[in-house]
**Q** 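My structure is below; once you've seen it, I'll send some questions.
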Amino acid sequence: MNCEVKHALHCAILVTWIGGFAYFCGVFSEPVKGTVPDSPVESYGYIWTAFLYLLRFTALLVLPQCLCNLFGLLLFNAFREKVPLKAAPLLSPFVCFRVVTKGNFPLLVKENVDENMKTCFEAGMENFIFEVVTDKAINLPSNARVREVVVPTQYRTKSGAKFKARALQYCLEDDVNILQPTDWIVHLDEETLLTTNAICGILNFCEDGKHQFGQGVITYASGEIVNWLTTLSDSFRVADDMGKLRFQFKLFHKPLFGWKGSYVVTQVEAERVVSYDHGMEGSIAEDCFFSMVAMKHGYTFDFIEGEMHEKSPFTMWDFLQQRKRWLQGILLTVHSKKIAVVHKALLALSLYAWATMPLTSLQVFLCPLFPLPRCLPFDFCLSFVGAVNLYMYIFGVVKSFSHKYRNSILRLALYLAGALCTIPFNIIIENAAVLVGMFGRKDQFYIVNKDIQTV
């Protein structure tokens, strides 16, 4: 099947899935007589009835995010396998691939810089360098296309930014920065691997020059899989990139729900204006805070075609700590007085939907025990949220594992079953991250181990 047929089939399945899920949940049928009280207040009392309805409404905080995911998956074809170049690579703007690291995994950084440089040459790139910004010297081999920047231990930003934000800000200082205002920076994590499609997408984006910031899709199932549970759980993130991220950048050109910290493409002048110097509140999820400030400044964003590859956390503890940091960082961003409500409203809804997961998860047990009178629009919205979130896992697996199940329906079925089986685990981890994140310290930056050789 070509990409257009695949997309049409996917759209038909998605719409059918949403309708079928609502039917299966009994949205369109009348409840059995006597099973639902006519007056919940008389049966449960005022306080308990109010609590039950509050849980239902809280579950709809994620509705805007689900709608954006739905439209993103329906409106844009996610099955195109090759990204064509719009102009000759020799004529493309200068690109700096920047990797920020603590320096704890020097071998991983060296190997990935070498691998990514080979990919750049394969794609025909000429105007580029790799810049590794590290707290500890890792002594990269001498190369005209590689620059190692060691952040001095005594360096302090004006606002007291810490962790990754501090290192990123150091690169933008006048006596450190070697890039021109019209050059471009591609931010990568230690384990990020480029693809020729991603490079072509980046070059097209930079050559186009209409937007100052861009981002594309990251998948987590390439190469050796260390932890199947975390990798299958991360399939949701892949679908999230293809849905919500793509929709907000393609239609609105704004990071309405924020963005990720890797596969970030920025124009140098715009990045220096926005900066990463936003104190502690902008240091835990520096990527999210940066996107909100950039939107406040009026800069625009776009979606970049082509995917990059990364690894999911190798252990459950790392997976939990990663989610905890994201939650805390987004919480600090949403509650920051530096960002107007109009810019962070949808991000706030997404955050509060996540933060109230321990409450909304109770509905699995409470709804059958304490049924409420039917309301078709409300019940359909609830089933819609469940259907879209379940489909995200399915779609993420289809995209992430496409290279592993080619010509094997059985293998695809196993991957899909595995992803669905990880959902209870994911819910438990997300709930635990909320509890630990909301009540724990919010001034720590946990570094996830992505060096496969240390496992």
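Both backbone and side-chain heavy atoms feed into the values below; hydrogens, waters and symmetry mates do not.
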**Q** Can you check whether A387's main-chain N or O pairs, donor with acceptor, with W17's side chain at less than 3.5 Å?
**A**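 It does hold such a pair.
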**Q** Do the charged groups of K442 and E281 touch, with an N to O distance under 4.0 Å?
**A**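 So K442 does not pair with E281 through a salt bridge.
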**Q** Do K399's NZ or CZ and the ring of F79 fall within the cation-pi criteria of under 6.0 Å and 45°?
**A**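 Ring-cation test returns yes.
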**Q** Evaluate the side chain to side chain donor-acceptor pair (under 3.5 Å) criterion for residues S312 and N227: first the C-alpha distance (whole Å), next the side-chain angles of each, then the deciding distance (0.1 Å), finally the verdict.
**A** CA-CA 8 Å; S312 295; N227 189 315; over 6 Å; no
**Q** Look at the side chain of D183 and the backbone N and O of L179, then say whether any donor-acceptor pair between them is shorter than 3.5 Å.
**A**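 The answer is no, because no donor-acceptor pair under 3.5 Å joins these two groups.
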**Q** Starting from the C-alpha separation in whole Å, work towards a yes-or-no answer on ring pair (Phe, Tyr, Trp, His ring centres under 6.0 Å) for F301 and F252.
**A** CA-CA 8 Å; F301 295 65; F252 302 105; over 10 Å; no
**Q** Using side chain to side chain donor-acceptor pair (under 3.5 Å), reason through Y393 and N426 one step at a time and then give a plain yes or no.
**A** CA-CA 11 Å; Y393 284 98; N426 212 20; 2.5 Å; yes
**Q** Please state whether the rings of F247 and F71 are parallel, tilted or perpendicular, taking 30° and 60° as the class boundaries.
**A** tilted
**Q** Please determine whether a side-chain nitrogen of the Lys or Arg among E191 and K311 lies less than 4.0 Å from a carboxylate oxygen of the Asp or Glu.
**A**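 Result for this pair is no, no salt bridge flagged.
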**Q** Using distance alone, with no hydrogens and no angle criterion, decide if H253 and Y299 have a side-chain donor and acceptor under 3.5 Å apart.
**A**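 Result is no, nothing qualifies.
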**Q** Okay, side chain of D287, backbone of G261: is any donor-acceptor separation there less than 3.5 Å?
**A**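 Yes; judged by distance alone, with no hydrogens or angles, the pair exists.
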**Q** Between OG of S291 and CG of L347, what distance do you get to the nearest 0.5 Å?
**A** 7.0 Å
**Q** For I185 and F97, run side-chain contact (heavy atoms from CB on, under 4.5 Å): C-alpha distance rounded to whole Å, both residues' side-chain angles, the deciding distance at 0.1 Å, then the answer.
**A** CA-CA 6 Å; I185 303 171; F97 294 93; over 6 Å; no
**Q** Please determine, by modelled atom types, if S400 and T219 share a side-chain donor-acceptor pair under 3.5 angstrom.
**A** no
**Q** Hey, mind stepping through V268 and W184 against side-chain contact (heavy atoms from CB on, under 4.5 Å) and telling me if it holds?
**A** CA-CA 6 Å; V268 172; W184 296 85; 6.0 Å; no
**Q** Please check if any side-chain donor atom of D318 sits under 3.5 Å from a side-chain acceptor atom of Y446, or the reverse.
**A**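 Y446 and D318 do have a side-chain donor-acceptor pair below 3.5 Å.
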**Q** Flag the pair R237 and D240 as a salt bridge only when some basic side-chain nitrogen lies within less than 4.0 angstrom of an acidic carboxylate oxygen.
**A**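 Looking at R237 and D240, the cut-off is not met.
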**Q** Would D189 and K164 pass as an ion pair if we require N to O under 4.0 Å?
**A**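 A salt bridge links D189 with K164.
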**Q** Would R323 and D234 pass as an ion pair if we require N to O under 4.0 Å?
**A** yes
**Q** Does a salt bridge link D277 with R166, judged by any charged N lying under 4.0 Å from a carboxylate O?
**A**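 R166 and D277: not salt-bridged.
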**Q** Does any N or O in the side chain of Q248 come within less than 3.5 Å of the main-chain N or O of G258, such that one atom is a donor and the other an acceptor?
**A**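 Yes; judged by distance alone, with no hydrogens or angles, the pair exists.
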**Q** Report the C-alpha separation of F289 and H278 in whole Å, then their side-chain angles, then the decisive distance to 0.1 Å, and conclude whether the ring pair (Phe, Tyr, Trp, His ring centres under 6.0 Å) test is met.
**A** CA-CA 8 Å; F289 203 98; H278 304 293; 5.2 Å; yes
**Q** Taking atom types as modelled and ignoring hydrogens, do the side chains of T182 and Q267 form a donor-acceptor contact shorter than 3.5 angstrom?
**A** no
**Q** For the residue pair T192 and N112, confirm or rule out a side-chain donor-acceptor distance under 3.5 Å.
**A** no
**Q** Go through the steps for L172 and Y276 under the test side-chain contact (heavy atoms from CB on, under 4.5 Å), then give the verdict.
**A** CA-CA 9 Å; L172 303 180; Y276 293 93; 4.0 Å; yes
**Q** Tell me whether the NZ or CZ atom of R145 lies within the 45° cone about the ring axis of F128 and under 6.0 Å from its centre.
**A** yes
**Q** Determine, stepwise, if the pair F303 / F249 fulfils ring pair (Phe, Tyr, Trp, His ring centres under 6.0 Å).
**A** CA-CA 5 Å; F303 183 81; F249 287 165; 7.5 Å; no
**Q** Just by distance, no angles: are the side chains of Y155 and Q169 close enough, under 3.5 Å, to form a donor-acceptor pair?
**A** no
**Q** Shortest non-hydrogen contact from A59 to Q363?
**A**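 Distance-wise, the nearest heavy atoms are CB-NE2, 3.3 Å.
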**Q** Is it true that Q212 and H297 share a donor-acceptor pair across their side chains at a distance under 3.5 Å?
**A**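 Their side chains do not contain a donor-acceptor pair, so the 3.5 Å distance test is not met.
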**Q** Is any side-chain heavy atom of S262 closer than 4.5 Å to a side-chain heavy atom of H187?
**A**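 No, side chains not in contact.
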**Q** Report the C-alpha separation of L435 and M357 in whole Å, then their side-chain angles, then the decisive distance to 0.1 Å, and conclude whether the side-chain contact (heavy atoms from CB on, under 4.5 Å) test is met.
**A** CA-CA 10 Å; L435 297 175; M357 270 191 72; over 6 Å; no
